[in-house]
Amino acid sequence: MEFLLIAAVIAVAVAVVSRSQNNGQTQLQAHDNRHLEDHRAEASRWVERLGGQVFNLDGTDEASKQAMADASERYTAAVTELENARTPVQARLAKDTAIEGLYYVRAARSAMGLDPGPELPTTDGQERAGRVTEDRTVEVEGRTMTAATEPSDKTPHYYPGGVVAGRPVPAGWYSEPWWASALATGVWMMGSMMMFNMMFAGMAGVGYSGQDFESGIGEGGADVSDMGGGDGGDGFFDGGLMGGEGGDAGGDGGGFFDGGLFGGDGGGDGGGGGFFDGGLFGGDGGGFFDF
């Protein structure tokens, strides 16, 4: 009899604990569902707002037409992301995509001389990236590329600013969408990296720094921070883009292009270590193409 009583007590206890756990899981699931729906509703509001602009505003010149085309692409992407959102993070991604599209709408309206409309919240990476604050043209691998503060026939491509493949791309108007391939593939090719340095080095207002490059994705998807290393180098192009006396910058590690892109005495006292340490085409530091 005592055994049966103990068994009954245990069975009741197990049932109570099981019911408590099930109730807890049900409540947690209900909370998660409400949390997701809140984020989906917020994202839906921004997607609908973008859709209203996309369907009712047409560009009148090359810059505004291109900006509205980009806004339309963002709208399509945001709709798909919202439909497939199963977590709050995915719903927030749809929201950010829609807000990015509205930045393109603002750019188009400005290009047409219209009121750009109310201010928008910033998306991830915009503050880090900064914005173009002066017109600048560079020659890269036989291509002429321009960044500008305002749209023109030469700079019809707008970017609202953000981080692409680990690197900050400033908001501004450009002669071509040179960030597009990295946005699609997640990899910056070498020519693009050199162009970035030439285009933005020393420009006030942009989020350019050696640290930004070192934490980004390098050629072939390699982490640039793993390529340099050591105590000596501070910047992605440590020692200067076009070279100079990069010796002491070499130290024990050096930057990605430690000692300068095109040479200089990049050896230093500690043996270098930069990817192109001592210059691309030689010098005293043992360059990649050390002649």
Side-chain angles (χ1 to χ4, degrees), residues 59 61-68 70-71 99-100 102-117 119-183 188-216 234-244 255-257 260-262:
D61 57 8
E62 184 178 358
S64 59
K65 289 178 181 179
Q66 181 61 56
M68 288 307 300
D70 290 330
I99 291 175
E100 183 179 348
L102 287 167
Y103 272 99
Y104 283 109
V105 173
R106 282 176 58 87
R109 294 180 66 89
S110 295
M112 292 187 286
L114 303 175
D115 182 350
E119 294 292 331
L120 298 169
T122 59
T123 59
D124 290 343
Q126 278 188 317
E127 292 184 359
R128 174 185 168 191
R131 64 180 52 254
V132 175
T133 54
E134 63 182 80
D135 294 359
R136 185 176 291 184
T137 298
V138 298
E139 295 283 341
V140 181
E141 297 180 343
R143 297 157 57 194
T144 300
M145 306 179 72
T146 300
T149 59
E150 300 292 336
S152 69
D153 291 340
K154 294 182 179 180
T155 54
H157 297 277
Y158 178 75
Y159 189 72
V163 176
V164 177
R167 293 189 173 84
V169 177
W173 293 89
Y174 298 93
S175 56
E176 61 179 87
W178 47 270
W179 58 89
S181 61
L183 190 64
W188 285 100
M189 301 309 292
M190 194 66 69
S192 296
M193 291 188 288
M194 288 191 294
M195 184 283 303
F196 194 106
N197 188 71
M198 295 172 65
M199 180 77 78
F200 300 115
M203 182 184 293
V206 305
Y208 171 86
S209 71
Q211 183 178 1
D212 285 323
F213 276 95
E214 289 170 2
S215 63
D234 294 325
F236 184 76
F237 288 85
D238 195 16
L241 176 67
M242 304 305 290
F256 189 72
F257 282 77
L261 179 62
F262 293 107

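When reading the values below, keep in mind they use all heavy atoms of this one structure, side chains included, and skip hydrogens, waters and symmetry mates. The structure presented is a predicted model; accordingly, all values stated were derived computationally and were not measured.
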Requested in this report: Apply side-chain contact (heavy atoms from CB on, under 4.5 Å) to Val163 and Val169, showing your working.
Outcome: CA-CA 6 Å; Val163 176; Val169 177; over 6 Å; no

For the [atom1] atom of [X] and the [atom2] atom of [Y], what is their distance to the nearest 0.5 Å?
{"X": "Thr137", "Y": "Lys154", "atom1": "OG1", "atom2": "NZ", "result": "7.5 Å"}
{"X": "Asp124", "Y": "Glu100", "atom1": "CG", "atom2": "CD", "result": "11.0 Å"}
{"X": "Thr155", "Y": "Gln66", "atom1": "OG1", "atom2": "CD", "result": "12.0 Å"}
{"X": "Thr123", "Y": "Leu102", "atom1": "OG1", "atom2": "CG", "result": "11.0 Å"}
{"X": "Met199", "Y": "Met194", "atom1": "CE", "atom2": "CE", "result": "13.5 Å"}

Is there a side-chain contact between [X] and [Y], using heavy atoms and a 4.5 Å cut-off?
{"X": "Tyr174", "Y": "Met145", "value": "no"}
{"X": "Tyr159", "Y": "Tyr104", "value": "yes"}
{"X": "Gln126", "Y": "Pro160", "value": "yes"}
{"X": "Val132", "Y": "Met203", "value": "yes"}

Mark yes or no for whether [X], through its side chain, and [Y], through its backbone, hold a donor-acceptor pair below 3.5 Å.
{"X": "Trp188", "Y": "Val164", "value": "yes"}
{"X": "Ser110", "Y": "Arg106", "value": "yes"}
{"X": "Asp61", "Y": "Met112", "value": "no"}

Requested in this report: Could you check Met198 against Val140 for side-chain contact (heavy atoms from CB on, under 4.5 Å), going step by step and ending with a plain yes or no?
Outcome: CA-CA 9 Å; Met198 295 172 65; Val140 181; 4.3 Å; yes

Query raised in the report: Do other residues, nucleotides or ligands put more than 12 heavy atoms under 6.0 Å from the CD atom of Glu176?
Result: yes

Query raised in the report: Should the heavy atoms of other residues, nucleotides or ligands under 6.0 Å from CZ of Arg136 be counted, would the total exceed 12?
Result: yes

Can you name the closest pair of heavy atoms from [X] and [Y] and give their distance?
{"X": "Phe196", "Y": "Pro168", "answer": "CZ-O, 2.7 Å"}
{"X": "Pro116", "Y": "Arg109", "answer": "O-CD, 3.8 Å"}
{"X": "Pro151", "Y": "Ala111", "answer": "CG-CB, 3.9 Å"}

Query raised in the report: If we ignore angles and hydrogens, is there a donor and acceptor under 3.5 Å between the side chains of Glu139 and Thr144?
Result: yes

Report task. Please check if any side-chain donor atom of Thr146 sits under 3.5 Å from a side-chain acceptor atom of Ser175, or the reverse. Result -> no

Query - Verdict with supporting geometry, Trp173 and Asp135, side-chain contact (heavy atoms from CB on, under 4.5 Å) - result: CA-CA 9 Å; Trp173 293 89; Asp135 294 359; over 6 Å; no

Requested in this report: Describe, in one word, how the ring planes of Trp178 and Phe200 are oriented to each other, choosing from parallel (under 30°), tilted (30 to 60°) and perpendicular (over 60°).
Outcome: tilted

